[in-house]
Amino acid sequence: MLNRHLLTYLPVYAAQILVGFGSVVVFTRVLSPEDYGRYTLVLAGALLTQTLVFTWLDAAVARHHARATARGRLGGHLATAFSLYGALAVLSLVVFGGAIALAPISTELKTVCAFALVSQVLRSAIMIALETRRAEGEAVRFALLESFILGSGFGLGVVFIMAGGMGPAGPFAGMALACLVAILIDIPVLLSKAKHDRAGPRRAVRFFAYGAPVAVSLVFEHLLSTGDRFVIAALLGEASTGAYAAGYGITDRSLNIIFIWLGMTAGPLAIKAFEHEGAEAARAVLRQAAGLMGLIAIPAATGIALLSEPFARLLIADSLAGAAAPIMPLIALGAMLNGFMTYVFHESFVIGRRPKVMAGLMAGSAALNLALNLALIPMLGLIGAALATVLSYAIALVACVVMGRGVFRLSLPLDDWVKAATASVIMAAALMALPVPEAAFAHLAFHVPVGVLVYAVVALTLDVAGCRSVFVMPAMRRLQWRGA
């Protein structure tokens with residue numbers, strides 16, 4: 001079941017990769033370094049606001065969907081979710097809209113913040129629909145809807161910047177319009193199923209009791225990954241923030257997509273398995289997903305670290321590439337640690353219904369990250385910020401492993417992770433032995449295929465995560481059967 005869902009969700013995460021790369025490639029070129037830095041700061045603040053206000057509801061909708069369906073209470077479940085969203089949306093627009101209007105900032109920056117607020121409020125509405133579709137197993141509908149939002153939002157953002165002259169407000173305006181269209185397409189279908197019942201108030205309390213600690217955890221996790229940008233802006237300026245965000249975006253997005261694809265696909269399946277079949281079934285789903293994460297993410301992080309300089313020169317504007325390239329190897333390591341922490345070890349707290357423990361761990365990690373940034377950035381500049389991120393993620397990962405064992409013990413594919421690391425080391429040795437072309441495109445065009453080929457041969461030989469016995473051999477037998 002997991003493999004089928006992974007294939008169905010693949011177009012969504014391919015779209016996320018294209019949009020993630022495209023936003024760096026395009027926005028660093030059509031915006032000045034200062035404007036790009038300003039855009040990334042507002043984006044970080046907007047995502048933090050959305051996480052704080054709305055994510056607890058998304059988490060509760062996803063976690064309680066299977067039980068509501070099994071008990072025949074899906075209508076009440078949806079009615080409670082949309083009622084809560086409506087109240088949160090109005091409150092957000094009034095409170096944060098008023099704060100933006102009264103803030104002592106320029107009119108241009110107020111416009112950027114206003115569009116960012118509207119885009120996040122609309123995005124939160126469609127997230128309820130997306131989480132519902134995913135929980136119901138409607139993978140195709142989810143994939144089509146999310147791919148449309150990502151692609152059209154990015155395209156409209158580029159149009160608003162280049163043709164509309166909106167500057168850093170353009171990407172937020174594009175995403176707002178894309179989300180509005182998606183809402184008009186999908187939300188009415190879910191609203192037709194919603195039916196208010198007497199359990200609404202009690203259900204709302206349960207939603208908040210479960211979702212609030214998750215949201216707090218994600219707020220601190222968000223601060224852990226983006227809070228350093230505010231410190232960089234204060235100490236080094238907005239242009240340095242843009243360079244850091246560009247290098248971080250290329251690297252972190254490349255690896256994060258892998259973990260999101262596997263983790264967000266396996267998570268609902270694991271919850272459903274836990275509710276209907278028990279703990280061992282949930283462990284089996286998560287073990288398979290964790291093995292696949294190691295198979296793909298470990299070599300990806302290794303390759304990005306080795307090829308960070310040509311990646312930066314090819315994908316990032318010249319005005320930012322020189323400062324972005326040196327931080328990318330450290331960001332690759334940090335992104336890999338974060339991915340395993342968030343999409344493997346956090347599942348112990350999600351399935352075990354102990355989100356408060358997860359929130360406490362993330363709060364401590366965010367505070368540590370802030371302290372390390374304040375200590376290291378003045379001494380090491382952007383390298384100090386990247387090093388602070390790696391150290392914070394490493395300590396948080398160790399804490400999650402230790403604390404999670406007492407909540408819900410996972411079955412970890414340690415042998416597959418060791419095999420993937422071994423294959424990645426061999427791949428790295430092969431790449432380091434190759435000649436280095438001067439042009440960035442030639443460098444990548446030569447080294448990337450060789451690295452993929454070497455890793456594939458070693459991984460198949462070692463059968464990492466069953467890539468030979470589970471995937472390749474059955475596929476070959478099916479082809480032989482069809483040929484016969």
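Count residues from 1 along the sequence.
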Taking the side chain as every heavy atom from C-beta outward, state whether [X] and [Y] have any pair of such atoms under 4.5 Å apart.
| X | Y | result |
| --- | --- | --- |
| Leu47 | Gln120 | yes |
| Ile331 | Tyr244 | yes |
| Met293 | Tyr343 | yes |
| Val42 | Pro168 | no |
| Met362 | Thr342 | no |
| Asp186 | Phe142 | no |
| Ile149 | Cys179 | yes |
| Leu236 | Ile377 | yes |

- Using the six-membered ring wherever Trp is involved, compare the ring planes of His447 and His443 and label them parallel, tilted or perpendicular (cut-offs 30° and 60°).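 The rings of His447 and His443 stand perpendicular, inter-plane angle above 60°.
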Please confirm whether the ring centroid of [X] lies under 6.0 Å from the ring centroid of [Y].
| X | Y | answer |
| --- | --- | --- |
| Phe160 | Phe172 | no |
| Phe408 | Phe349 | no |
| Tyr393 | Phe340 | no |

- Message: Before you tell me yes or no, could you show the steps for Thr422 and Val458 under side chain to side chain contact (heavy atoms under 4.5 Å, CB included), namely the whole-Å CA-CA distance, both residues' side-chain angles and the distance that decides it to 0.1 Å?
- Response: CA-CA 9 Å; Thr422 302; Val458 179; 5.6 Å; no
Looking at every non-hydrogen atom in both residues, tell me the closest pair between [X] and [Y] and how far apart they are.
| X | Y | answer |
| --- | --- | --- |
| Leu444 | Pro449 | O-CD, 3.6 Å |
| Asp58 | Ile128 | OD1-CG1, 3.9 Å |
| Ser254 | Ile250 | OG-O, 2.6 Å |
| Ala312 | Ala321 | O-CB, 3.5 Å |
| Thr132 | Val61 | OG1-CG1, 3.7 Å |
| Pro413 | Gly291 | CG-N, 3.4 Å |

Distance check, rounded to the nearest 0.5 Å: [X] atom [atom1] versus [Y] atom [atom2]?
| X | Y | atom1 | atom2 | result |
| --- | --- | --- | --- | --- |
| Trp417 | Leu412 | CH2 | CG | 5.0 Å |
| Leu330 | Leu382 | CG | CG | 11.5 Å |
| Met341 | Ser365 | CE | OG | 6.5 Å |
| Asn338 | Asn256 | CG | CG | 7.0 Å |
| Phe115 | Leu117 | CZ | CG | 11.5 Å |
| Cys400 | Leu361 | SG | CG | 5.0 Å |

- Message: Check this for me: does any side-chain nitrogen of one of Arg38 and Glu34 sit under 4.0 Å from a carboxylate oxygen of the other?
- Response: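 Salt bridge: no.
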- Salt bridge Arg409-Glu280, side-chain N to carboxylate O under 4.0 Å: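 Looking at Glu280 together with Arg409, the answer is no, because their closest N to O distance does not fall below 4.0 Å.
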- Message: Please check this pair: side chain of Ser119 against backbone of Ala116, looking for a donor-acceptor N/O pair closer than 3.5 Å.
- Response: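 Side chain of Ser119 to backbone of Ala116, a donor-acceptor pair under 3.5 Å: yes, one is there.
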- Query: Short question: side chain of Asp463, backbone of Arg468 - any donor-acceptor pair under 3.5 Å?
  - Reply: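 Yes; judged by distance alone, with no hydrogens or angles, the pair exists.
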- Task: Could you go through the side chain to side chain contact (heavy atoms under 4.5 Å, CB included) check for Ile395 and Leu368 one step at a time?
- Result: CA-CA 9 Å; Ile395 294 171; Leu368 174 64; 3.4 Å; yes
- Step through the shown structure and confirm whether more than 12 heavy atoms of other residues, nucleotides or ligands are within 6.0 Å of CZ on Arg29.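 Check passes, neighbour count above 12.
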- Item | Worked verdict on Phe446 versus Val436 for side chain to side chain contact (heavy atoms under 4.5 Å, CB included) | CA-CA 9 Å; Phe446 180 37; Val436 179; over 6 Å; no
- Message: Among Arg133, Arg141, Arg123, which residue satisfies the salt bridge (charged side-chain N to carboxylate O under 4.0 Å, His left out) criterion with Glu146?
- Response: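 The residue from Arg133, Arg141, Arg123 that satisfies salt bridge (charged side-chain N to carboxylate O under 4.0 Å, His left out) with Glu146 turns out to be Arg123.
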- Query: Just one of Leu374, Leu376, Thr241, Asn373 clears the side chain to side chain contact (heavy atoms under 4.5 Å, CB included) bar with Asp228, so which one?
  - Reply: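 By the side chain to side chain contact (heavy atoms under 4.5 Å, CB included) criterion, Asp228 pairs with just one of Leu374, Leu376, Thr241, Asn373: Asn373.
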- Show your reasoning for whether side chain to side chain contact (heavy atoms under 4.5 Å, CB included) applies to Tyr248 and Val24. CA-CA 10 Å; Tyr248 196 104; Val24 175; over 6 Å; no
